[in-house]
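Atoms considered below: every heavy atom in the structure, side chains included; atoms not considered: hydrogens, waters and symmetry mates.
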Amino acid sequence: CETLNLVFVSNPPEDIDSYPGLIIASSSLLYDTSVISQSFESVRALVRGLVGQWFGLNGLVRPESRQDTWLVHGIAGHLTEVCLKRFYGNNDYMFRVMQETEA
C-alpha cells in the first residue's frame, strides 16, 4: 500500500484499529499541546496502529492459524515499545513504564 490514511472518529469500538492503508483512531487520543501527561498514551496507541500496518490481524504479516495470533501480537507489542523507547529516550521511557506498573 502506497498511502496511509489516519482517521479520528468519535466513540469507535477500539482506541485504535489498523487496516492496510488505514488507521482508525479514537478522537480521545487527540490532546492539546499544553497537556503533556496524555501524550505518552496517545503516542503509544498511534505507534501501535502504525506497527499494525505490518504485524496484526489486518497487517501484511498475518497469523497462519488462530494459534499463531500470539506471535503476531507479541511482535507488534515489542516493536511498539522499541519505537517508544527510541522516541522518548531510555530514561523517560523507563520512568513511564515504572509509573504504569505502580498504578
Side-chain angles (χ1 to χ4, degrees):
C1 188
E2 292 183 17
T3 61
L4 175 65
N5 295 300
L6 176 59
V7 180
F8 290 93
V9 295
S10 298
N11 303 319
E14 301 289 328
D15 274 348
I16 199 102
D17 244 338
S18 189
Y19 302 95
L22 175 67
I23 298 174
I24 300 172
S26 171
S27 58
S28 68
L29 295 174
L30 299 172
Y31 59 93
D32 189 82
T33 55
S34 64
V35 178
I36 296 172
S37 62
Q38 189 179 356
S39 82
F40 188 77
E41 293 80 19
S42 296
V43 170
R44 174 181 271 159
L46 293 172
V47 168
R48 182 66 182 233
L50 188 59
V51 168
Q53 292 294 302
W54 291 277
F55 298 97
L57 298 178
N58 299 308
L60 297 174
V61 177
R62 297 183 188 123
E64 187 173 305
S65 69
R66 209 145 171 72
Q67 287 102 3
D68 300 331
T69 304
W70 70 271
L71 180 61
V72 175
H73 284 290
I75 292 170
H78 176 70
L79 284 176
T80 298
E81 297 304 312
V82 167
C83 289
L84 289 171
K85 192 174 190 179
R86 178 106 176 186
F87 183 74
Y88 283 100
N90 189 54
N91 288 342
D92 192 33
Y93 170 76
M94 293 305 291
F95 174 72
R96 291 173 188 275
V97 168
M98 184 183 71
Q99 280 183 321
E100 286 180 355
T101 57
E102 291 177 352

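Listed by chain and number, the residues in a salt bridge (Lys or Arg N to Asp or Glu O under 4.0 Å) with Asp68 amount to none (sequence neighbours excluded).
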Pairs under 3.5 angstrom only: tabulate donor-acceptor contacts from the side chains of residues 79-87 to other protein residues two or more places apart or in another chain.
residue	atom	partner	partner atom	Å
Thr80	OG1	Ala76	O	2.8
Glu81	OE1	Arg44	NH2	3.0
Glu81	OE1	Tyr93	OH	2.6
Glu81	OE2	Arg44	NE	3.1
Glu81	OE2	Arg44	NH2	3.2

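With a 4.5 Å cut-off on side-chain heavy atoms, Ile23 and Asp17 do not count as touching. In this structure, the side chains of Tyr88 and Val43 come closer than 4.5 Å at one or more pairs of heavy atoms.
Note that the CZ atom of Arg96 and the CD atom of Glu41 stand 7.5 Å from one another [nearest 0.5 Å]. Atoms CG and OG, from Leu6 and Ser18 in turn, are 10.0 Å apart once rounded to the nearest 0.5 Å. If you take CD1 on Ile75 and CH2 on Trp70, they are separated by 8.0 Å, rounding to the nearest 0.5 Å.
Nearest approach of Val72 to Phe55, heavy atoms of both residues: CG1-C, 3.7 Å. When all heavy atoms of Ser28 and Asp15 are compared, the closest pair comes out as OG-OD1, 4.2 Å. Across all their heavy atoms, Tyr19 and Gln53 have their closest contact at O-NE2, 2.7 Å. Nearest heavy atom pair, residue Leu4 against residue Leu22, reads CD1-N, 3.9 Å. Listed here is the closest heavy atom pair of Leu29 and Ser42: O-OG, 2.8 Å.
Residue Asn5 qualifies as enclosed at atom CG: its count of foreign heavy atoms under 6.0 Å is above 12. Other residues, nucleotides and ligands place no more than 12 heavy atoms under 6.0 Å from the CD atom of Glu64.
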Kindly indicate, with the supporting measurements, whether the criterion side chain to side chain contact (heavy atoms under 4.5 Å, CB included) is fulfilled by Ile24 and Val9.
CA-CA 7 Å; Ile24 300 172; Val9 295; 3.8 Å; yes

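Clustering of Ile, Leu, Val, Met, Phe, Trp and Tyr side chains at separations under 4.5 Å places Phe95 together with Met98.
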